[in-house]
Amino acid sequence: MAGSHALSRVEPLLLVAVGGFAGAVLRRSVALAAPGIAALDGAVVGTLVVNVAGSFALGVLLYEAHLANALSAETRLVLGTGFLSSFTTYSTFAVQTSGLPPALAVTNVAANYALAFAGVVLGRLVARWLS
């Protein structure tokens, strides 16, 4: 009994770690596979793309979970908390923004938050349409 209790405490951490590893690898793969995007202005545009795409996927995932109750708690941990939070990168966005000239920094902040919010809303609409 003590063994299963210890495993039940570790399981959520492992699920988040597995999802986080996969999300970080995919984010890096997107950056390497899209040199044209990175060429526009360093990684700032690539970071915007992954943040918007990840926000859209999070909108679909969480709204689908809410509507259909089809996702288990473990799936939400792997995909939502682990994968998508590693795929999106708001820490990189913050570091990149701090190195931009003021006008570009304001534009970068506005674009990341506005487009990512729009991605979540669009994801919710898609999930609702699919359900």
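From a predicted model like this one, the values you see are computed outputs, not experimental measurements.
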What about Leu15 and Val10, same hydrophobic cluster or not, with Ile/Leu/Val/Met/Phe/Trp/Tyr joined at side-chain heavy-atom distances under 4.5 Å?
no
Nearest 0.5 Å please: distance from the CD atom of Gln96 over to the CG atom of Leu48.
10.0 Å
Treating Ile, Leu, Val, Met, Phe, Trp and Tyr as nodes and any side-chain heavy-atom pair under 4.5 angstrom as an edge, say whether Val60 and Leu122 lie in one connected cluster.
yes
Donor-acceptor pair, Arg27 side chain versus Ser86 backbone, under 3.5 Å?
yes
Spacing of CG belonging to Leu62 relative to CG belonging to Leu84, to within rounding of 0.5 Å
8.0 Å
Measure the CG-CG distance between Leu71 and Leu79 for me, rounded to the nearest 0.5 Å.
7.5 Å
pair Tyr63-Leu125: side-chain heavy atoms closer than 4.5 Å:
no
Under a 4.5 Å side-chain heavy-atom rule over Ile, Leu, Val, Met, Phe, Trp and Tyr, are Phe56 and Leu26 clustered together?
no
Less than 3.5 Å apart, any donor N or O on the side chain of Thr97 or Asn108 sitting next to an acceptor on the other?
yes
Quick check: closest heavy atoms across Ser8 and Pro12, and the distance to 0.1 Å?
O-CD, 3.2 Å
Please report the C-alpha distance between Leu67 and Arg128 in whole Å, then the side-chain angles of each, then the deciding distance to 0.1 Å, and finally whether the side chain to side chain contact (heavy atoms under 4.5 Å, CB included) criterion is met.
CA-CA 8 Å; Leu67 281 178; Arg128 191 172 184 178; 4.2 Å; yes
Test log, rule side chain to side chain contact (heavy atoms under 4.5 Å, CB included), inputs Val50 and Thr88
CA-CA 6 Å; Val50 296; Thr88 58; 5.8 Å; no
Starting at CD of Glu64, measure out to CG of Asn69 and round the result to the nearest 0.5 Å.
10.0 Å
When rounded to the nearest 0.5 Å, the distance separating CG of Leu61 from CZ of Phe83 is 10.5 Å
ILVMFWY cluster membership beyond Val109 - transitive side-chain contacts under 4.5 angstrom
Tyr90, Phe93, Tyr113
What distance do Leu77 atom CG and Glu11 atom CD have between them, rounded to the nearest 0.5 Å?
8.5 Å
Determine the sole option in Val49, Val52, Asn51 for which the side chain to side chain contact (heavy atoms under 4.5 Å, CB included) test with Leu115 is passed.
Val52
